[in-house]
Amino acid sequence: MADIPSNGSSAIERRTLWIVLLLNAAISAAFFVTGLVGDSSALIANGVDNLSDAAVYALSIAALTRGPVWKTRAASVSGIMLLAFAVGILADVVRRYIYGSEPIGSDMMVMSAIAGVVNYVCLRLLQKLDAPDVNLRAATTFSFNDFVSNGGILVAGGLVIWLETNWPDLVVGFLTAAIAIKGGLEILKDAGNEASANREAGLK
């Protein structure tokens, strides 16, 4: 039988998820504003990413008091959301490649540095949780993806300034989508394995 978290651990998990949810919602709004002002695909991509993360964290909070089967379904939804996000980002990259864009490298670098600190804090908070369930593991995957993407934006911003071209921004947008696809598939695989184990154990 799967371990049932104590009330104390559940309270810690809930508090942690609320913190990372609010931080992601705030950083998502900042990404959207700077992305639109700075004409950056990478920034807007990460804004959508962090917004979807916030939704997943809300789903994870709801899953904390539910049974194992509900939790695996919630994790599956998280994986599907991440894949849908990736498709949207790829479409935006293609659009900007065809019609052109003029990203502002300095905006990209400043925003990515701020977001990197926020996402690192989120990642560390999630990694400190004991025996995370499938939803908490999914949340950790999201935060790790965000942190990696922030580093890519920082490098791309420097290249945009140096080369005076938009292709570094587009490359990071594409790579962000690729990372999201990898993370989404990993979450779905983890949820599938968990669902199989639950069926074998007769859990609901």
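Residues M111 and N46 fail the side-chain proximity criterion, which asks for heavy atoms closer than 4.5 Å. For the pair N119 and N50, the minimum side-chain heavy-atom distance is below 4.5 Å. Looking at heavy atoms from C-beta onward, L90 lies in side-chain contact with F174 at the 4.5 angstrom threshold. Side-chain contact between L126 and L17 is present, with at least one heavy-atom pair separated by less than 4.5 Å. Counting only heavy atoms from C-beta outward, the side chains of I114 and I27 approach each other to under 4.5 Å.
Taking both residues in full, the closest heavy atoms of F85 and A45 are given as CE1-O, 3.1 Å, listed atom of the first, atom of the second, then distance. Across every non-hydrogen atom of C122 and N24, the tightest pair is SG-ND2, 3.7 Å. What you find for S28 and L51 is that their closest heavy atoms are OG-CB, 3.3 Å. Residue S149 comes nearest to I179 through the heavy atom pair OG-CD1, 4.3 Å, listed as atom of the first residue, atom of the second, then distance. Smallest separation of non-hydrogen atoms from M108 and I153: O-CG2, 3.5 Å. Here the shortest heavy-atom pairing between T165 and P168 reads O-CD, 3.6 Å.
Distance check, rounded to the nearest 0.5 Å: CZ of R96 to CG of L170 gives 8.0 Å. From R14, atom CZ reaches atom CD1 of I19 across 13.0 Å, with rounding to the nearest 0.5 Å. The structure places CG of D107 at 11.5 Å from CG of L36, a figure rounded to the nearest 0.5 Å. Here R124 contributes atom CZ and S143 contributes atom OG; the two are 12.0 Å apart, rounded to the nearest 0.5 Å. To the nearest 0.5 angstrom, F144 atom CZ is 11.0 Å from D146 atom CG. Between atom CG of residue L22 and atom OH of residue Y57 there is a gap of 12.0 Å, rounded to the nearest 0.5 Å.
Across N166, D92, T176, a single residue satisfies side chain to side chain donor-acceptor pair (under 3.5 Å) together with S41, and that is D92.
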